[in-house]
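Have a look at the structure below, then the notes.
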Amino acid sequence: MQPSKNPFKHLSRSERTGALILMGILLTSIVVWRLLPSLIKPVTDPEDARLQEAWGQFIKNRDQLHDTMPKWSTKEKGKFKETLLFYFDPNNISKQDLEKLNLPRRTVETWIKYLSKGGRFYKKEDVKKLYNLTAEDYARIAPYIRLPEPSHKTVKTEYQTHTAKSFDINSATETDLIQLKGIGPVFAARIIKFRDALGGFISVNQLKEVYHLPDSVYTEISPLLYSDHSGIRKININTASVDEFAQHPYISRKLAGNIIRFRNDINIFDSVGQIRLVPLINGEKYRKIAPYLSTH
C-alpha cells in the first residue's frame, strides 16, 4: 500500500487549521530573523564616530604627517632636524640630553663646563645668562625648565610663621606624609597609590587629583613639597601593549587602543610629539601624558 501523499489527511479540520497557522508562524519567524540585522539600527558611540572621521582625515593627509607634527625645528649642516622638547632640571642634565634639545654645540659645551665648575641655576631666568645661548633658544626651552623648591623655606600660616623642611613628593614615605597637617594614614596611602600609578609626580599640583583631598589641605601642604621628577617611570610608546597603556591614570583603554592603532599605521614613533597626531588627543591631554612617555 502506498503511503498517503497528504500529511494532513487524517487530521480534523481544526487540527489542519492549527497546523497551517503554526507553519505560518515558523516561516514568519525565520524571515524576521534573517531580516532583523538590517532592520535594527546599531547603537553607535558618538566618540567612535568622531574617531572614524578623524582617522579618515589622518589617512587622507598622511603625506603631510611631518609637516603637522608638534615640534621645534632647526637646520644643522643644511639638514632638517626635529627636536623633541621635554621637562628637565638645568642643574641636573647631561650633555646627551642637551644635544636632544637641539642646542648649538658651543652652547652645550658652555652649559656642561659651567655645571662642572660648580655653577648653579637658582631660577629659570638664570639660564639666559649662559654664553652663546640665543634668545630664540631660551624662549624655546624655557617652558620645560623645572627647578626643585629650596630645601628649606619659611612657611606662613594663619597662626604662625615658622621654618620647615620641604621634601620630595616622589620619595616621601607614608610616615613623611603623615607629618603634614591634614594628612592622616588614609590620605598618605592614597597619595602614594596615585604616585605609583602615575609613575611619579611631575608637579606638586597633581596632588589636587588625589581622591577627595580637600583644597584647604593642598593649600596647607603644597609649600612644603617639591617634585624631583628625574626618576619618573615612562611608557615606551613603541612597545607598550593596550593593557600597559591603560594602567596609567591619564590613559583610558579606548585611548590606548587608538594609540596602538595609530602606531600600527605608521610602524614606529620617531618622537613622543607624534602621539599628538593620534585622533582625539587634544593639547591638554597631550601635555598631561607626554612627560610619562618615551620612544625607547
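For this chain, numbers begin at 1 and follow the sequence in order. Predicted, not measured: the structure shown is a model, and the values here were computed from it.
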With clusters defined by side-chain heavy atoms of hydrophobic residues (ILVMFWY) lying less than 4.5 Å apart, directly or transitively, does V210 cluster with V186? no

Evaluate the side-chain contact (heavy atoms from CB on, under 4.5 Å) criterion for residues K128 and L133: first the C-alpha distance (whole Å), next the side-chain angles of each, then the deciding distance (0.1 Å), finally the verdict. CA-CA 7 Å; K128 292 193 291 185; L133 180 65; 5.5 Å; no

Can you tell me how far apart CD1 (I275) and CD1 (I259) are? Round to the nearest 0.5 Å. 4.0 Å

Does any part of the side chain of R253, heavy atoms only, come nearer than 4.5 Å to the side chain of V242, both counted from C-beta? yes

For D176 and S171, which heavy atoms make the closest approach, and how far apart are they? OD2-O, 4.4 Å

Approximate separation, where rounding is to 0.5 Å, of Q274 CD and L293 CG: 12.5 Å

Looking only at heavy atoms, what is the nearest atom pair of A240 and E244, with distance? CA-OE1, 3.0 Å

Which heavy atom of A256 sits nearest to which heavy atom of A246, and what is that distance? CB-N, 4.1 Å

Determine whether L198 and R233 satisfy the following criterion, side-chain contact (heavy atoms from CB on, under 4.5 Å), listing intermediate values before the conclusion. CA-CA 8 Å; L198 285 171; R233 186 179 71 250; over 6 Å; no

From R276 atom CZ to I281 atom CD1, the distance as rounded to the nearest 0.5 Å: 8.0 Å

Looking at side-chain heavy atoms only, is the closest gap between P279 and N258 below 4.5 Å? no

Got K208 and L213 here, is their nearest side-chain heavy-atom distance under 4.5 Å? no

Hydrophobic cluster membership, with links at side-chain heavy-atom distances under 4.5 Å among I/L/V/M/F/W/Y: are I178 and I221 in one? no

Do the rings of Y292 and H248 sit parallel, tilted or perpendicular, given the 30° and 60° boundaries? tilted

Tell me whether N264 at atom CG has more than 12 heavy atoms from other residues, nucleotides or ligands lying less than 6.0 Å away. yes

Could you give me the CA-CA distance, side-chain angles and deciding distance for D97 and K100, then say whether salt bridge (charged side-chain N to carboxylate O under 4.0 Å, His left out) is met? CA-CA 5 Å; D97 283 340; K100 289 178 183 179; 3.7 Å; yes

How many angstroms lie between CG in L207 and CZ in F201, if you round to the nearest 0.5 Å? 5.0 Å

From CA spacing to verdict: salt bridge (charged side-chain N to carboxylate O under 4.0 Å, His left out), R105, E109: CA-CA 6 Å; R105 179 174 56 83; E109 291 174 351; 3.3 Å; yes

Using only heavy-atom distances, determine whether the side chains of N205 and Y218 contain a donor-acceptor pair under 3.5 Å. yes

Walk me through it: do I145 and F88 pass the test side-chain contact (heavy atoms from CB on, under 4.5 Å)? CA-CA 5 Å; I145 295 174; F88 66 94; 3.5 Å; yes

Any L101 side-chain heavy atom under 4.5 Å of Y144 side chain: no

Using the side chain to side chain contact (heavy atoms under 4.5 Å, CB included) criterion, which residues pair with N132? Sequence neighbours excluded. R106, T107, T110

Check side chain to side chain contact (heavy atoms under 4.5 Å, CB included) between Q96 and all other residues, then give those that pass, not counting sequence neighbours. S94

Side-chain contact test, heavy atoms from C-beta onward, threshold under 4.5 Å: evaluate it for N238 versus H296 and give yes or no. no

Just by modelled atom types, is the Q206 backbone N or O under 3.5 Å from a matching donor or acceptor in the S203 side chain? no

Do the side chain of S227 and the main chain of I202 share a donor and acceptor less than 3.5 angstrom apart? yes

Run the side-chain contact (heavy atoms from CB on, under 4.5 Å) check on Y226 and D168 step by step: do they pass? CA-CA 5 Å; Y226 67 90; D168 175 22; 3.7 Å; yes

How many angstroms lie between CG in L177 and CZ in R195, if you round to the nearest 0.5 Å? 7.0 Å

When rounded to the nearest 0.5 angstrom, what is the spacing between CD1 in I237 and CD1 in I251? 9.5 Å

Within one Ile-Leu-Val-Met-Phe-Trp-Tyr cluster: I235 and I260, side-chain cutoff 4.5 Å: yes

Is it true that K288 and E284 make a salt bridge, defined as a side-chain N closer than 4.0 Å to a carboxylate O? no

Looking only at side chains, do Y250 and E209 share a donor and an acceptor under 3.5 Å apart? yes

For F121 and Y114, run ring-ring contact (aromatic ring centres under 6.0 Å, His included): C-alpha distance rounded to whole Å, both residues' side-chain angles, the deciding distance at 0.1 Å, then the answer. CA-CA 10 Å; F121 302 103; Y114 176 74; 5.0 Å; yes

Please check if V278 and Y286 belong to a single hydrophobic cluster, counting links between Ile, Leu, Val, Met, Phe, Trp and Tyr side chain heavy atoms closer than 4.5 Å. yes

Got a donor-acceptor contact below 3.5 angstrom from the R146 side chain to the P90 backbone? no

If only side-chain N and O atoms count, and only distance matters, is there a donor-acceptor pair under 3.5 Å linking D243 with S241? no

For H229 and I232 the tightest heavy-atom approach is O-CG1, 3.0 Å

Side chains of K193 and Y211: does their closest heavy-atom pair fall under 4.5 Å? no

Indicate the atoms forming the closest heavy-atom contact of E174 with P185, along with that distance. OE1-O, 4.3 Å

Below 4.5 Å, heavy atoms only, C-beta onward: do L103 and W111 meet side chain to side chain? yes

Mind checking whether I169 and I191 have side chains closer than 4.5 Å, heavy atoms only? yes

F269 and F262 aromatic ring geometry - parallel, tilted or perpendicular at 30°/60° bounds: parallel

Between S230 and N92, which heavy-atom pair has the shortest distance, and what is it? CB-ND2, 4.2 Å

